[in-house]
Colleague: 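Dumping the structure here so I can ask a few things about it.
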Amino acid sequence: MPIFQSTMYEVEPGTGYHDTRYIRLNNTPNHLALHQKMASLENAEDALVTASGMAAISSALMTILSAGDHLLAQECLYGGTHNLITQDLPAWGIQFDFIDANDPDQWQRLVRPNTKAIYMETMTNPLLEVADHEAVIRFARDRGIVSMVDNTIPCPVNFRPPEWGYDLSLHSGTKYLNGHSDLVAGALIGRADLVRKIRHRVNHLGGCLDPHTAFLLHRGIKTVGVRVRHQNASALRIARFLQDHPAVSKINFPGLESHPQHARAQRLFEGYAGLLSLELVGGLEAAKRLIEKLRIPIEAPSLGGVETLVTRPSTTSHAGMAPEDRKRLGITDSLVRVSVGIEDTEDLLEDIGQALESL
Ligand SMILES: Cc1ncc(COP(=O)(O)O)c(C=O)c1O
């Protein structure tokens with residue numbers, strides 16, 4: 001797919017205002033090609049790409065919810081989404097309740113006549129919890145509310161929410177979809193009627209993707225299957241190694257039999273992605289030292305790229321969350337998150353081993 005780096009297009013004879021092609025209207029050749037690609041990746045009716053993952057999430061919520069509406073949202077979400085829900089939605093007159101992803105009886109108690117949507121993440125960041133997605137989809141269908149899920153972490157290689165009945169799947173294309181940590185993009189995939197409404201809202205809000213970035217994202221997606229399957233396998237081996245290591249006190253990875261929702265993850269996903277988090281016996285000091293001693297992983301936030309990244313979420317992705325919220329959710333200061341890249345697994349195991357030995 002070439003880059004069509006043109007703001008607008010010549011008006012063809014016999015066409016009207018609504019046929020105008022303009023980058024902000026999300027309808028140039030690079031947009032259209034990506035929309036088709038994204039929809040087919042998850043076997044969905046339609047898709048839209050946006051300027052960032054947060055543009056996809058905020059535009060979707062701002063379209064589905066209006067002043068006076070209510071949202072049910074999973075309790076432990078990506079920090080940016082958590083802040084949008086807790087800080088911005090109330091300012092726009094939208095109420096919310098956080099829900100326990102594994103307690104449908106509680107959702108039943110919290111749902112209101114003005115509840116319009118239920119918002120989840122396929123696997124939570126950074127604790128890798130797997131919600132009861134089948135119950136969420138049934139719950140939303142029974143009440144005629146919109147089911148939305150952030151599918152950034154498993155990405156379409158491992159899970160395709162529309163195939164299971166989710167109305168909307170949201171993505172930070174910045175992560176696994178692009179895979180090279182060199183752009184910011186977002187996508188929403190799902191029901192054609194919802195995507196159409198959100199596209200109109202994005203046209204007004206202006207959160208469009210530039211054609212050059214669309215081209216790069218399109219190119220990144222060409223290798224997503226190969227990259228993510230390698231990351232799935234590598235992360236599973238690393239998680240098993242960490243689980244057996246005496247310096248590690250806790251490991252969060254849904255591919256491990258010890259994970260509380262492993263059976264569910266096995267049923268829903270084709271792989272468990274490349275993200276894991278851990279706690280060390282030595283606590284915060286050991287966590288800092290581990291990060292210092294690692295030679296291959298780079299200390300940086302973000303995830304899903306070809307390089308292995310390591311971070312303490314309390315200081316990066318979840319720094320904006322109130323300390324008492326982080327504590328309640330289990331995002332401790334000593335939690336270390338690893339986004340496994342595509343380096344040789346043996347090299348990573350050897351490097352992690354030497355760093356743990358030095359603690
Ligand atoms: C799960 C998840 N959703 C959404 C986002 C936001 O994406 P972006 O940074 O592309 O706006 C992130 C970013 O880290 C994320 O991890």
Side-chain angles (χ1 to χ4, degrees), residues 34 38 47-62 73-88 101 119-131 133 148-159 161 166 168-189 198 202 205-210 213-214 216-217 220-221 224 228 231 252 254 269 272-277 298 300-305 307 309-321 326 329 331 335 337-340:
L34 257 185
M38 292 286 183
L48 174 75
V49 286
T50 55
S52 66
M54 285 311 297
I57 294 166
S58 57
S59 312
L61 289 172
M62 287 167 86
Q74 186 171 357
E75 190 159 36
C76 181
L77 293 171
Y78 162 64
T81 311
H82 176 94
N83 294 350
L84 174 79
I85 291 174
T86 55
Q87 295 167 26
D88 299 312
Y119 187 100
M120 313 298 288
E121 285 182 4
T122 317
M123 296 180 195
T124 60
N125 171 11
L127 296 172
L128 288 314
E129 285 166 356
V130 182
H133 294 293
M148 312 168 71
V149 65
D150 180 332
N151 196 39
T152 299
I153 295 177
C155 92
V157 176
N158 291 321
F159 185 60
Y166 264 112
L168 272 182
S169 164
L170 302 144
H171 287 272
S172 169
T174 318
K175 310 295 186 310
Y176 288 101
L177 282 172
N178 179 55
H180 295 76
S181 304
D182 54 7
L183 60 78
V184 172
L188 48 98
I189 308 173
I198 300 165
V202 172
L205 294 170
C208 60
L209 194 65
D210 180 80
T213 314
L216 289 174
L217 176 59
I221 291 172
V224 69
V228 170
Q231 285 166 309
N252 303 307
F269 308 147
Y272 306 101
L275 200 67
L276 55 91
S277 58
I298 300 160
S302 200
L303 57 102
E307 289 102 359
L309 303 182
V310 61
T311 189
R312 284 192 299 117
S314 64
T315 62
T316 54
S317 58
H318 291 71
M321 196 180 255
R326 279 204 303 270
L329 296 172
I331 305 169
L335 185 76
R337 189 188 75 186
V338 184
S339 172
V340 177

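Residue numbers start at 1 and run along the sequence shown. Remember, it's 1-based here, ligands and their atoms both numbered in the order they're listed. Treat the numbers as computed from the prediction; the structure is a model and nothing was measured. Computed over heavy atoms, backbone and side chain alike; hydrogens, waters and symmetry mates excluded.
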Colleague: Not counting sequence neighbours, which residues clear salt bridge (charged side-chain N to carboxylate O under 4.0 Å, His left out) with Glu75? List them please.
Modeller: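 Glu75 satisfies salt bridge (charged side-chain N to carboxylate O under 4.0 Å, His left out) with Arg328 only.
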Colleague: So which atom in Ala300 and which in Thr311 form the shortest heavy-atom distance, rounded to 0.1 Å?
Modeller: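 Closest heavy-atom pair between Ala300 and Thr311: O-CB, 3.6 Å.
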Colleague: In a check of ring pair (Phe, Tyr, Trp, His ring centres under 6.0 Å) between Phe159 and each of Phe269, Tyr272, Tyr176, which one passes?
Modeller: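 When Phe269, Tyr272, Tyr176 are each tested with Phe159, the ring pair (Phe, Tyr, Trp, His ring centres under 6.0 Å) holds only for Phe269.
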Colleague: Pairs under 3.5 Å, N/O atoms on ligand 1 and on the protein: can you put them in a table with the distances?
Modeller:
residue	atom	partner	partner atom	Å
ligand 1	3 (N)	Asp150	OD2	2.6
ligand 1	7 (O)	Ser172	OG	3.0
ligand 1	10 (O)	Gly53	N	2.9
ligand 1	10 (O)	Ser172	OG	2.8
ligand 1	10 (O)	Thr174	OG1	2.6
ligand 1	11 (O)	Gly53	N	3.1
ligand 1	11 (O)	Met54	N	2.8
ligand 1	14 (O)	Lys175	NZ	2.9
ligand 1	16 (O)	Asn125	ND2	3.3

Colleague: So, Gln231 side chain and Val340 main chain: donor-acceptor pair closer than 3.5 Å or not?
Modeller: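 Yes, the answer is positive, given that a donor and an acceptor are paired below the 3.5 Å cut-off.
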Colleague: Quick check: does any side chain N or O of Ser169 sit under 3.5 Å from a backbone N or O of Ile189, one acting as donor and the other as acceptor?
Modeller: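 No; zero donor-acceptor contacts below 3.5 Å.
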Colleague: Quick check for you: to the nearest 0.5 Å, what is the distance between Lys175 atom NZ and Thr152 atom OG1?
Modeller: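 Answer for the NZ-OG1 pair, Lys175 versus Thr152, is 6.5 Å.
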